[in-house]
Chemist: 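Please see the structure below; I have some questions.
Below, chain A is the first sequence line, B the second, and so on; all start at residue 1.
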Amino acid sequence: MGALTLSQVTKSFGKTDVIKGVDLNVDEGEFCVFVGPSGCGKSTLLRMIAGLEDVTSGEVALDGVRINDLPPARREIAMVFQSYALYPHLSVRDNMGLALKQAGVAKAEIAQATDRAGAMLALDALMERRPAELSGGQRQRVAIGRAIVRTPKLFLFDEPLSNLDAALRVQTRIEIARLHRDLGATMIYVTHDQVEAMTLADKIVVLRAGRVEQVGRPMDLYNDPDNTFVAGFIGSPQMNFLNAGRLGLSSDKLGIRPEHLGLDHGASAGTDRIPGRVSHVEKLGGETLVYVNTQDHGLLTVRMFGEHDFAVDGAVTLRIDPARGFHFDAEGRRIR
Amino acid sequence: MGALTLSQVTKSFGKTDVIKGVDLNVDEGEFCVFVGPSGCGKSTLLRMIAGLEDVTSGEVALDGVRINDLPPARREIAMVFQSYALYPHLSVRDNMGLALKQAGVAKAEIAQATDRAGAMLALDALMERRPAELSGGQRQRVAIGRAIVRTPKLFLFDEPLSNLDAALRVQTRIEIARLHRDLGATMIYVTHDQVEAMTLADKIVVLRAGRVEQVGRPMDLYNDPDNTFVAGFIGSPQMNFLNAGRLGLSSDKLGIRPEHLGLDHGASAGTDRIPGRVSHVEKLGGETLVYVNTQDHGLLTVRMFGEHDFAVDGAVTLRIDPARGFHFDAEGRRIR
Amino acid sequence: MAQRKQIRWHIAVFLAPAVLVYTAIMIVPLFGTLNLSLFNLEQGNRVFVGMRNFATLFGDPRWSEAFWNALGNNTWFFVVHMLVQNPIGVMLAALLSSPRLRGAAFYRTAIFIPTILSFVIVGFVWKLILSPIWGIAPGMLDAVGLKSLFAPWLGKEEYALTTLALISVWQFVGIPMMLIYAAMLSIPDEVIEAAEMDGVTGWAQFWKIKLPLILPAIGIISILTFVGNFNAFDLIYVTQGALAGPDFSTDILGTFLYRTFFGFQLQIGDPHMGATIATAMFGIILLGVCFYLFAIQRRLRRYQF
Amino acid sequence: QDVTLTIESWRNDDLAIWQEKIIPAFEAANPGIKIVFAPSAPAEYNAVLNSKLDAGSAGDLVTCRPFDASLELFNKGKLADLSDMAAMANFSDVAKSAWQTDDAAKTFCVPMASVIHGFIYNKAAFEQLGLTPPKTEAEFFAVLDKIKEDGTYIPMAMGTNDQWEAATMGYQNIGPNYWHGEEGRKALIAGTQKLTDEPWVAPFRQLAKWKDYLGDGFEAQTYPDSQNLFTLGRAAIYPTGSWEIGVFGPQIGGAFEMGAFPPPVPADGDKCYISDHTDIAMGMNAATKHPEEAKKFLEWVGSSEFATLYANALPGFFSLNSAPVEMQDPLAKEFVSWRETCEPTIRSTYQILSRGTPNLENETWNASANVIKGTETPEDAAKRLQEGLASWYEPQK
Amino acid sequence: MSLARHSAPRSIAAHAVLLAYTLIALFPVFVIVVNSFKNRRAIFADPLALPSAGTFDLIGYKTVLAQGDFLQYFLNSMTVTVASLFFVLLFGAMAAFALSEYRFRGNMLMGLYLALGIMIPIRLGTVAILQLMVASGLVNTLTALILVYTAQGLPLAVFILSEFMRGVSADLKDAGRIDGLSEYRIFFRLVLPLVRPAMATVAVFTMIPIWNDLWFPLILAPSEATKTITLGSQVFIGQFVTNWNAVLAALGLAIVPVLVLYLIFSRQLIRGITAGAVK
Ligand SMILES: Nc1ncnc2c1ncn2[C@@H]1O[C@H](COP(=O)(O)OP(=O)(O)OP(=O)(O)O)[C@@H](O)[C@H]1O
Ligand SMILES: Nc1ncnc2c1ncn2[C@@H]1O[C@H](COP(=O)(O)OP(=O)(O)OP(=O)(O)O)[C@@H](O)[C@H]1O
Ligand SMILES: [Mg+2]
Ligand SMILES: [Mg+2]
């Protein structure tokens, strides 16, 4: 129940090709996260899966059955819209309960389900308000609530937590994970948040301009990216790409994550050492990011645990651990 | 130009009090970040500053002049709406250029300004599209673009980056910081993102249910929170609150950030050691979060740099560095 | 919208042109006319009679019977519109606004054409069609074996009014259709999509999502129908004449007023009693409109998209 | 500098005649005066005219409805007093009565035409069925029965939808024979007869019998329907007035010939009465800027030259001028010939009796239609009319 | 929009209903058109028959073209209708904006005041209006008609437009204010474009009674030079006989310009005009 297959799916809006042939398998019960730059087609792909957007070519199959032409209402899919799309005339409770009511569920049961969702999303006090009287984050939570009160085969979440504060976000994330576990439903989740992607996903799909760049388990993508795009996209701050030639390496680029660069005060020299000057320092509390200007490799980011003081413009030396580096060719493909 | 003072500002929607007396000074050229849980009144406060929502009581003053009754158009403010509020019938370019056109700026100059903003926000290819043809993130970028093409006294940003991917977010964040530096304009910025708050802010204002909890520089809030609320809100993952009594301390709660907890395999004992069992492990790539169940303190979070393997359900020992702990009384107030 | 304490001139500027033209060319003449209801001719002189004309209208059985007859007919006329025209209009609009409907523009235009026709033509063609003599309606009923159902509807007291009301519905259904259609267009696609995802489709979607969202437009349609019907005149005048036959069974306030105010045939126009009727009509309509404005419109929730 | 005079009229139908015949004739004889004939929609004429006169934008010359409609205008000072115009001498008192004050002291319009009621029949149909025009009521119904029996033709073309057919072409057509024309009419005005008296109920009784001879669904049959039924040859008899002569000729287009007979008398040997109704006149807007020229024109309207021109251009609209008019149209001649044998009268409700509320004329329409349809008995109808009249008309109280 | 959301039975049903109603709507129109091409005898002999060689007759159209200056009448009607529409839409939308956007004392009363006009037939004011026009020398000018129709159309326009304007996102207008747009600009540049469907609807509603009106042309501007098409067609409606061929031809032709206007306006009925504005 809920295994999704996309085969050579494409989508064009007029002359603009937005999805350019996507093949994808999402197994039953799997938690699949779509990541990719803004505008790469994530929402469009979700909408196609939901049946809200017709497929220009290719096939969408649910449990092996082609559903290209099945109306959305019959696909048993719940979706959280990026733009919320709440029913403006219904209270929070009714927004969440409408699908159940439509399915003919008993009143008491609906009340129970919506109450549970409301409590979970800290909306209890707002159940009788209408969307216009809610804050941005509250609206987003209603949208989530609306999806999760149902028990569909497939959940589609389009950036469901983007407007929530950190605490609520962690909490809701955990709830979604629990929901996934409890219901065993398949979930497809779009996010820009690295933490969400890494912690929730069974499988991450990296999209870029309507194409799948790489699919894999979170740590596989982190530790074994196929190309500079994926390497740069997974992990924040972004991976540093060093000029491999200048380091005497045969590859074109050497990718090293900010957390894998060492940083020492003062200038020093050596093959795996790069001198530079501190450009600026960002203290995030639990960690510190130091941006270092180097002559050969431009601006490099170093990420360090805890608080550290580096004077801006002070001379520093970067230490490279080549073992933790990734080699890429001129086209950006990984050399393994 | 651009020093903002709020004195005892309140706001009610009918019977709901949303802002309950806020006093705040934002100096000229300061970058002020509002953080707080969803629904605490951040957007409302911004809208009051902009003049879009009337002030129920209290005073809003810009450069010492009371502006409660000044229409928004005359306040010289640029704002990014949480809901974007794009002009649906105008192209991206015209959305961004409208304010300039209104101000009578020459056509060529407008084109130049919008082109620059478009390029900066990676919207170049979309300049002639209408909002309906854009993705969520693209719309958000248009909303940002619309604010930054102008040079007002005061910028108001309401969660401007929430729908952008990590790379774009970093980039835009840097652009906003540069804009702030270059224009010297005062900026007020609402965000849920810890990194944004910590890196951008000169001053962070922590709001809670319509009241200011604490105001301060980012690292001050991180290192010196006034109460459990601020301590818990600043920093992600959230600070652990330990049962101080069980540790033989006189305070009610001991707050320790996840990055300040040590974690060892196997059980061991000692005054500043707490035994527990691994509940689950989140690998985020550059760091690892381990959730440990303890008998006395419930679930505690440990944040470690790099990748670490801990078996779920394995016995572990937590090390506390009391020097890095914060003491709170029963009301949650900090004991200094 | 923030409340600002200074004088907001722009409000005056926005209102001024409409208020000026409207006051000068409608309100002043109209109220000048309604004012006549307080006067009457006595020995060729216009004298102030206070409420006496109203006393005549409601007290003299010859006047009051005609008035109540017209009011009753008018109410029925309105009821038919509410029960037939508006539901059909809403239904057509709902169908037309379904996305991707082929030929929607054609249907829309076709259904709207009767609304464009002048009353003269409408009266002519329906009389022709319904005429027992020239055979269109009887012939068509005959073709489906229902000839026995045929009656000279326009000539029978018990059918004439309803028949005319239905003709009027036929002519004007385009109005609610278009207005509701415009309202439906403003419902964001995404809300409808969300409903589709929730399994709310077809009729349920109409009832639970679209209808509540276009309720203000339906309110407008109802009040326009009300006002329109209580001012209606032309169709009946064209088909049944100013005497609104048979035997005044199609007499509505508009024809009653016209006959009285402007006169008819040998009956000389009586601006004073005419104005009295007009004032009474105005009172009735105003009551309805106020009821709508203060009791209904305020309760209707509007949604901003 | 030419003076232009504008004529207000409800006679849309006559536009061509005025433009092509009458105006050129006048203008040729009176250089310096230009005439514009500006008819409005007949149904709206009274309302439009009143409004224009009130506001002061009406034309110089005004076509006058008979009796109260024009009298009212005169009383309000909208129409000029024309009593001392020379042309007035060309008209009999009866002809002028429709446009005079009640005491006949002042005349304010120059009479133009009258119309005569009667029955037009389809000669071909009569020949085919071997019928001759009936003279008495009994013969009339015998003829109708025959036509009905035969079934080829609808015996009589009349509908009640528009109501006025029933009253004008029914009641007022056959009525004078029962109430003895002017005698009854004057008695009614004087209050010595009541509408519930036999002479006034009898015509209703006859109307009540007509129902059976009308076409299917006559309740919804309109006046044009009736006209068409007759001109298309589907109905044999058409109760009507002389105004149809000019209209029917071209419509029938020679398909059959028309004949006419006057309303049948109740019994053989009774004196016959016809309704020779004064219908059109012309007056002068009291506010005209060119009273001289307007009067000049009106004098001409009162002349025999105009009478001949008009009566021949509009067969069926008979001149009221005392000077005899030679007419070409045979049917028109037939109609006008009845003036010789029968006593003329005007419609009973037109003078004085329709001044109050309820309006006797309108009520008569309604009652006649009801009686024909059978929804009201003749007696009830008469009673209702009498009550209505008595409610405001002193002599009848 | 999605193919998947386009269920065949549902759309067949929709087409069936629409088609059925279209037939009802068009049948009388068909009768009108067919008969306008027949001679009078043929109309009443068999009103449903298509014109055949024997009955085909352009007499109606010929009469129309022969009588009066119909081209001029068309032009007059067009001028009056378009000019009145322009003012009704402009003034009406402005007033509607004021009523829907601003809270001010007397807002509701002003709304009621502006609605009074739809409650009394304006014909009753004829004499006063005519006097006004006589006094200002506007009798027999198209200006008089335009003024009257503008006044007549305003109440309905205000009524409908203010309802639709209430639906325009407040955030959007606020964004305009932030961008420094004056209230006038907000009205013209933001609100007006977004209520285009409503404007079109109002335009259509306003135009029909204006186009078909007989009364005011008859009273205010009956001169040959200012006659409207509806008034022009009246010459065929006589006291005792109506030239139906000509009436059908004239009034049938008269719907063509309105139909064209209708088509122009109905193209403004666009879906999703506010899509993408707000979250
Ligand atoms: N029109 C209204 N009527 C009643 N309550 C309202 C209205 N608008 C907002 N609120 C309430 O006011 C509170 C503050 O809203 P606001 O939008 O300022 O929150 P916020 O801090 O911006 O939240 P978020 O981070 O979720 O955007 C919320 O609890 C909201 O429900
Ligand atoms: N109606 C449309 N017409 C043309 N192009 C469109 C239309 N809708 C979307 N697009 C384009 O399709 C691309 C994919 O849009 P989509 O919404 O799927 O992006 P996304 O991956 O969800 O981005 P984001 O993270 O910003 O939400 C975008 O470049 C967008 O501009
Ligand atoms: Mg998206
Ligand atoms: Mg907010």
Chemist: Which region of Asn223(A), side chain (C-beta onward) or backbone (N, CA, C, O), has a non-hydrogen atom less than 4.5 Å from a non-hydrogen atom of chain B, or is it both or neither?
Modeler: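 It is the side chain, since no backbone atom gets that close.
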Chemist: Quick check on the interface: out of Val281(B), Thr199(B), Ile234(B), who has the most heavy-atom pairs with chain A under 4.5 Å?
Modeler: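 Ranked by contacts with chain A, first place is Thr199(B).
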Chemist: Is Phe233(A) in contact with chain B via its backbone, its side chain, both, or neither, using a 4.5 Å heavy-atom distance?
Modeler: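 Phe233(A) touches chain B through side-chain heavy atoms alone.
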Chemist: For chain B, find which of Val170(A), Leu164(A), Leu161(A) contributes the most heavy-atom pairs closer than 4.5 angstrom.
Modeler: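 So the answer, after comparing Val170(A), Leu164(A), Leu161(A), is Leu164(A).
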Chemist: Taking side chain as everything from C-beta outward and backbone as N, CA, C, O, which of these in Leu168(A) sits under 4.5 Å from a heavy atom of chain B? Side chain, backbone, both or neither.
Modeler: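 Only the side chain of Leu168(A) comes within 4.5 Å of chain B.
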Chemist: Using a cut-off of under 4.5 Å for heavy-atom pairs, which of Gly286(A), Gly137(A), Gly235(A) has the most such pairs with chain B?
Modeler: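 Among Gly286(A), Gly137(A), Gly235(A), the one with the most close pairs to chain B is Gly286(A).
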Chemist: At a heavy-atom separation under 4.5 Å, does Phe305(B) approach chain A through its side chain, its backbone, both, or neither?
Modeler: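 For Phe305(B), heavy atoms of backbone and side chain both lie under 4.5 Å from chain A.
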Chemist: Is chain A contacted by the side chain of Tyr291(B), its backbone, both, or neither, given a heavy-atom distance below 4.5 Å?
Modeler: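 The answer is the side chain of Tyr291(B).
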Chemist: Report which part of Asp158(B) has an atom under 4.5 Å of a heavy atom belonging to chain A: side chain, backbone, both, or neither.
Modeler: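 The answer is neither part of Asp158(B).
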Chemist: What part of Ser38(A) gets within 4.5 angstrom of chain B, counting heavy atoms only: side chain, backbone, both, or neither?
Modeler: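 Contact with chain B: backbone and side chain both.
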Chemist: Counting only heavy atoms closer than 4.5 Å, note whether Pro37(B) contacts chain A via side chain, backbone, both or neither.
Modeler: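 When you check distances to chain A, atoms from both the backbone and side chain of Pro37(B) fall under 4.5 Å.
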Chemist: So for Gln194(A), is it side chain, backbone, both, or neither that comes closer than 4.5 Å to the heavy atoms of chain B?
Modeler: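 For Gln194(A), the contact with chain B is made by the side chain alone.
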Chemist: Mind ranking Lys283(A), Glu133(A), Arg169(A) by heavy-atom pairs under 4.5 Å with chain B and telling me who comes out on top?
Modeler: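 Looking at each of Lys283(A), Glu133(A), Arg169(A) in turn, Lys283(A) comes out on top.
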Chemist: What part of Thr16(B) lies closer than 4.5 angstrom to a heavy atom of chain A: side chain, backbone, both or neither?
Modeler: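 When you check distances to chain A, only side chain atoms of Thr16(B) fall under 4.5 Å.
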Chemist: In terms of heavy-atom pairs under 4.5 Å with chain B, which of Gln238(A), Arg141(A), His260(A) leads?
Modeler: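 Greatest number of close heavy-atom pairs with chain B: Arg141(A).
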Chemist: Tell me which of these, Glu282(A), Met304(A), His280(A), has more heavy-atom pairs under 4.5 Å with chain B than the rest.
Modeler: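 So the answer, after comparing Glu282(A), Met304(A), His280(A), is Glu282(A).
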Chemist: Would you indicate whether the side-chain heavy atoms of Gln82(A) and Arg139(B) approach each other to under 4.5 Å?
Modeler: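 Heavy-atom side-chain distance check fails, nothing below 4.5 Å.
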Chemist: Determine the option with the most heavy-atom pairs under 4.5 angstrom with chain B, choosing from Thr191(A), Asn163(A), Val195(A), Leu289(A).
Modeler: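 Max contact count across the listed options: Asn163(A).
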Chemist: Please classify the contact between Glu307(A) and chain B as side chain, backbone, both or neither, with a heavy-atom cut-off of under 4.5 Å.
Modeler: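 Side chain of Glu307(A) only, per the 4.5 Å heavy-atom cut-off to chain B.
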Chemist: Got a second to check how far Leu284(B)'s CG is from Met219(A)'s CE, nearest 0.5 Å?
Modeler: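 Reported to 0.5 Å precision, the distance equals 8.5 Å.
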